[in-house]
Protein chains: 2
Amino acid sequence: MDGLQPRRHRRRVRPAARRPAGRRRHRPRHPGGGPGMSTESSGQRNTAAPRSRTRPARKSAAASAGTGMSQVAERAGVAMSSVSRVLSGHADVSEAMRARVMAAVEELGYQPNMLAQMLRRGATRTVGFVVGDISNPLLSQIALGAETTLRASDYALLLANSVNDPRLDAENIQLLHQRRVDGFLLSLSDETSEQTAEAVARTDTPTILIDRDLPTRAPTSAVLSDHRAGITRAVEHLVGLGHERITLIAGSPHVRPTRERIDALEEALEDSPGVVAQVRPGAFTEAHGRAATRDLLDGRRPPTAIIAGGNQILVGVLAELAAREIRIPHDLSLVTCDDVPLAQFFTPALATIRRDPYEMGATAARLLLARLGGAADEVATLPTQFSAASSCAPPRPRQ
Amino acid sequence: MDGLQPRRHRRRVRPAARRPAGRRRHRPRHPGGGPGMSTESSGQRNTAAPRSRTRPARKSAAASAGTGMSQVAERAGVAMSSVSRVLSGHADVSEAMRARVMAAVEELGYQPNMLAQMLRRGATRTVGFVVGDISNPLLSQIALGAETTLRASDYALLLANSVNDPRLDAENIQLLHQRRVDGFLLSLSDETSEQTAEAVARTDTPTILIDRDLPTRAPTSAVLSDHRAGITRAVEHLVGLGHERITLIAGSPHVRPTRERIDALEEALEDSPGVVAQVRPGAFTEAHGRAATRDLLDGRRPPTAIIAGGNQILVGVLAELAAREIRIPHDLSLVTCDDVPLAQFFTPALATIRRDPYEMGATAARLLLARLGGAADEVATLPTQFSAASSCAPPRPRQ
DNA sequence: ATGAAAGCGCTAACAG
DNA sequence: CTGTTAGCGCTTTCAT
């Protein structure tokens with residue numbers, strides 16, 4: 001071995017206690033060891049008399065577990081209520097008291113049991129996030145924005161995927177409601193679902209819709225994207241280039257973005273007689289993108305420009321175009337909605353209608369925080385930007 | 001308007017009760033309305049005598065809220081414990097009892113308060129997922145796999161981002177512990193952090209590491225990827241093509257994937273004297289990818305092949321290559337780790353070391369479920385695949 | 001400023 | 001099989 005070497009070399013330390021690890025996923029169940037067989041590492045002072053008759057599911061005595069507020073009180077020689085007051089920063093507490101209590105807390109390594117607090121206070125400081133598909137970069141960035149903002153206010157995020165199934169939307173709402181979340185962030189799979197609307201209505205929990213509309217029956221806040229503006233700019237650009245047949249391959253017609261985009265496309269073309277809009281709603285999937293593209297290109301009058309209504313759809317569109325060796329923008333112009341990580345390195349560069357998903361999530365969280373703080377429901381609309389790029393060019397002269 | 005029209009036309013229904021929505025994010029705080037000002041929609045039977053002296057934060061009387069188990073018991077004319085037994089599917093319950101109770105439940109639309117159950121049972125059916133960056137597609141797919149699997153067993157996922165800050169790792173673990181999660185799924189930002197190790201050790205909660213190692217002190221299960229195999233295949237391929245200077249631009253050296261990849265690269269080249277390995281660990285960021293690439297290309301002996309150790313790093317590498325108009329694979333061969341959505345449309349196609357992140361998440365969840373069911377800790381290693389592609393070619397002859 | 005007591009809504013002994 | 005009872009661990013009146 002010659003030449004430069006890594007600055008950092010590291011011995012391969014196989015963690016001692018582990019089995020060699022040979023990719024076994026479905027571990028055979030231990031014959032004799034059903035639930036309840038748990039390792040039960042007996043704590044130190046297991047000898048003394050049981051504290052009471054009732055002793056449910058004793059949790060193994062770990063560092064902090066089992067140390068309750070009453071122990072702190074005893075240690076500090078004060079009443080539990082005083083400990084509680086100190087810990088929750090109540091005003092009327094003497095310095096002496098505060099010091100005594102904090103000392104005891106320190107010594108015992110006491111950590112409050114939030115479960116008990118939640119039950120008692122009637123608030124969980126938890127927000128339920130129902131989302132069609134967290135693995136979609138758009139949604140995961142929204143999640144990041146939301147989580148970051150919520151955490152700054154000491155809220156935690158309970159995540160529930162619906163895998164784009166409206167029934168799971170409703171079920172998740174119900175489930176999270178039973179877990180007593182203080183609020184909801186909803187990126188629903190289908191805003192027309194009766195069950196979902198009911199689930200939302202049944203809950204009187206503050207709810208923020210993320211780029212969705214819902215029958216007014218259930219009052220909510222919402223963070224919306226201004227899809228109209230984006231589509232309008234894109235269409236203006238395409239029309240300016242001379243396109244006369246523009247197709248939007250859109251996602252599910254049961255969510256706001258799709259409806260807005262379709263409306264915007266049609267509206268934008270109202271002033272341009274001679275320019276034809278086509279719309280292919282369907283699903284936010286690669287399959288739909290591909291099928292729609294195939295269909296269009298096989299049709300009597302294929303479009304000269306396609307707008308892909310989402311990142312998965314884009315994949316399908318590109319796949320079909322690649323299969324047919326259709327060149328962009330020579331044979332067809334292409335615009336896409338919502339950025340994807342590597343899009344910037346495409347050749348040709350992809351014209352894109354962008355928005356800021358992190359900011360959407362953060363805004364949704366702020367709206368919810370406001371609602372939880374007593375404010376009224378509110379709708380925020382965030383902008384959308386169209387960046388032209390070389391994937392759009394004048395159409396080829398009519399055949 | 002002529003020609004084809006969309007099959008679906010839709011009136012633009014502006015939801016009635018909403019303000020026109022003019023993008024205002026930082027809503028001014030209402031002067032007089034602090035917390036506690038909440039709308040307090042008084043329920044129907046607000047006239048009767050208060051049920052008790054203590055009445056904390058009375059939740060507004062919604063459909064299901066306020067309906068407690070005792071009411072069901074009363075309605076059914078049985079004891080609360082019987083209701084409980086019926087609802088938790090206890091064996092020794094007569095059909096008559098079951099029917100009476102279920103009827104009452106139905107009529108009242110009763111939904112159990114999981115908070116109370118959690119406190120009483122000492123289990124929350126909640127899993128804490130600590131992750132460096134949920135917006136990374138790799139991690140969000142892992143999250144999806146985990147959530148889907150956990151949900152099938154009635155566990156919910158509490159998500160905590162650490163934005164790649166080791167201190168937040170530890171803090172999040174502590175926070176989730178206070179929320180009494182039953183288990184942890186950890187995709188730590190830095191496995192060498194003392195604080196994190198302590199936090200994990202302090203918790204006696206079952207913990208699954210996701211592609212991380214941790215000092216044995218804290219016993220855990222783990223799901224690992226076989227990075228060695230992937231790198232080994234990739235290097236074999238490159239060496240086979242005649243490359244003699246291969247650089248791995250890696251992410252943080254404080255996580256397992258980076259260490260494994262570095263080790264594997266060096267090991268793979270042990271048998272190939274004359275082939276030089278370079279390693280540039282740093283961070284999983286575009287910035288590092290770009291800086292490292294710049295550095296390498298400006299160096300005395302630039303590599304003939306680069307392995308990008310992550311999707312963000314890849315973006316940086318590509319950016320720098322594009323800026324210098326370096327052609328792949330003519331001037332340089334490129335391999336990347338971990339797939340990204342649009343990579344398949346790259347020209348040339350990117351050679352990639354792949355794994356199945358959804359399956360990683362699902363496996364992690366299964367391991368945790370097993371642990372929660374009383375099984376011992378276990379390590380699962382999932383495979384990795386190298387697909388060659390046209391981004392790799394023989395190097396240009398030495399200058 | 002501090003303490004005593006009364007639960008939040010539920011479960012699980014225990015005793016019929 | 002069903003009812004009684006004693007809490008889970010904490011917060012919050014209410015009364016000093």
Side-chain angles (χ1 to χ4, degrees), chain A residues 36 50-59 64-74 76-101 105 108 110-125 177-180, chain B residues 36 50-59 64-74 76-101 105 108 110-125 177-180:
Chain A
R51 269 224 312 272
S52 77
R53 202 176 49 135
T54 308
R55 200 187 347 167
R58 157 133 308 169
K59 46 184 67 139
S64 68
T67 314
M69 186 180 274
S70 62
Q71 334 235 4
V72 177
E74 191 176 9
V78 302
M80 259 179 69
S81 45
S82 293
V83 177
S84 175
R85 276 189 283 256
V86 169
L87 261 37
S88 37
H90 194 94
D92 296 339
V93 188
S94 70
E95 247 334 298
M97 174 66 84
R98 168 161 281 111
R100 296 178 64 78
V101 169
V105 164
L108 269 47
Y110 169 73
Q111 293 183 230
N113 182 334
M114 294 193 61
L115 234 44
Q117 294 183 329
M118 292 174 188
L119 178 60
R120 183 55 232 248
R121 292 181 178 159
T124 55
R125 291 232 146 218
H177 174 58
Q178 281 184 219
R179 282 176 177 266
R180 294 301 188 266
Chain B
R51 268 225 312 274
S52 76
R53 203 175 48 133
T54 308
R55 199 183 351 161
R58 155 134 313 169
K59 43 184 67 139
S64 68
T67 314
M69 186 179 274
S70 63
Q71 333 235 1
V72 177
E74 191 176 8
V78 302
M80 256 179 71
S81 47
S82 292
V83 177
S84 175
R85 276 190 283 257
V86 168
L87 261 38
S88 36
H90 195 94
D92 296 338
V93 189
S94 71
E95 251 329 303
M97 175 64 85
R98 166 161 283 110
R100 292 179 67 79
V101 170
V105 164
L108 267 48
Y110 168 73
Q111 294 184 229
N113 182 334
M114 293 193 63
L115 235 43
Q117 295 183 327
M118 291 174 190
L119 179 58
R120 182 55 231 242
R121 293 182 176 158
T124 54
R125 291 235 147 217
H177 175 59
Q178 280 184 219
R179 283 175 177 267
R180 295 299 187 267

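Each chain gets a letter, A, B and so on, in the order the sequences are listed, and its residues count up from 1.
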Worksheet, complete the sentence: Closest heavy-atom pair, Leu87(A) versus Tyr110(A), reported as atoms and distance to 0.1 Å, is CD2-CE2, 3.4 Å
Item to complete: Over all heavy atoms of both residues, which pair between Val93(B) and His90(B) is shortest? Give the atoms and the distance, please.
Response: CG2-O, 3.4 Å
Item to complete: Using atom CE of Met80(A) as one end and atom C1' of dA5(C) as the other, report the distance to the nearest whole Å.
Response: 11 Å
Practice prompt. From the options dC8(C), dT2(C), dG9(C), select the nucleotide whose nearest atom is closest to the side chain of Arg120(B).
Written response: dG9(C)
Worksheet, complete the sentence: Closest to the side chain of Met97(A), out of dA12(C), dG3(C), dC10(C), is dG3(C)
Fill in: Atom pair CG/CZ of Asn113(B) and Arg180(A) - distance to nearest 0.5 Å
4.0 Å
Discussion item. Could you tell me how far apart Met118(A) (CE) and dC10(C) (P) are, to the nearest whole angstrom?
Written reply: 17 Å
Worksheet item: Roughly how many Å is it from CG in Leu119(B) to P in dA12(C), rounded to a whole number?
Response: 12 Å
Worksheet entry | Where Ala76(A) and Arg100(A) come nearest, the two heavy atoms and their spacing | O-NH2, 2.5 Å
Item to complete: For side chain to side chain contact (heavy atoms under 4.5 Å, CB included), just list the numbers for Asp92(A) and Arg85(A), CA-CA rounded to whole Å, side-chain angles, deciding distance to a tenth of an Å, and then say yes or no.
Response: CA-CA 8 Å; Asp92(A) 296 339; Arg85(A) 276 189 283 256; over 6 Å; no
Discussion item. For Gln178(A), give me all partners under side chain to side chain contact (heavy atoms under 4.5 Å, CB included), at least two apart in sequence or on another chain.
Written reply: Gln174(A), Gln111(B), Pro112(B), Met114(B)
Discussion item. Among residues 83-95 of chain B, which ones have heavy-atom contacts with DNA chain C below 4.0 Å?
Written reply: Ser84(B), Arg85(B)
Discussion item. For a quick test of reading the model: is some side-chain N or O of Gln117(B) closer than 4.0 Å to OP1 or OP2 of dG9(C)?
Written reply: no
Discussion item. Just verifying a value: how many Å separate Met118(B) CE and Arg179(A) CZ, rounded to the nearest 0.5 Å?
Written reply: 4.5 Å
Worksheet item: Between Ser82(B) and dG3(D), is there a side-chain N or O to OP1/OP2 distance below 4.0 Å?
Response: yes
Worksheet item: How many Å lie between CG on Leu115(A) and P on dT11(C), as a whole number?
Response: 13 Å
Discussion item. From CZ of Arg125(B) over to P of dT11(C), roughly how many Å is that when rounded to an integer?
Written reply: 13 Å
Practice prompt. Take Pro112(B) and Arg98(A), find for each the nucleotide of DNA chain C with the closest heavy atom, and name the residue whose nucleotide sits nearer the 5' end.
Written response: Arg98(A)
Practice prompt. Grab the CD-C1' distance between Glu74(B) and dT4(D) for me, whole Å please.
Written response: 17 Å
Worksheet item: Hey, what bend do you get for the helix from dA1(C)-dT16(D) to dG16(C)-dC1(D) if you fit axes on five pairs at each end, rounded to 10°?
Response: 40°
Worksheet item: Does the pair Ser84(A) and Arg120(A) meet the rule for a side chain to side chain contact (heavy atoms under 4.5 Å, CB included), with working shown?
Response: CA-CA 12 Å; Ser84(A) 175; Arg120(A) 183 55 232 248; over 6 Å; no
Worksheet, complete the sentence: Of dC8(D), dA4(C), dT11(D), the nucleotide closest to the side chain of Arg121(A) is dT11(D)
Fill in: Nearest-Å distance for atom pair CE/C1', residues Met114(A) and dG9(D)
13 Å
Discussion item. Counting only side-chain heavy atoms from C-beta out, which of dG3(D), dG3(C), dT11(D) sits nearest to Ser81(B)?
Written reply: dG3(D)
Worksheet item: Between Leu115(A) and Thr124(B), which heavy-atom pair has the shortest distance, and what is it?
Response: CD2-CG2, 3.6 Å
Discussion item. How many whole angstroms separate atom CD of Gln111(A) from atom P of dC10(D)?
Written reply: 11 Å
Practice prompt. Provide the closest heavy-atom pair for Ala73(B) versus Ala79(B) in the form atom of the first, atom of the second, distance.
Written response: CB-C, 3.9 Å
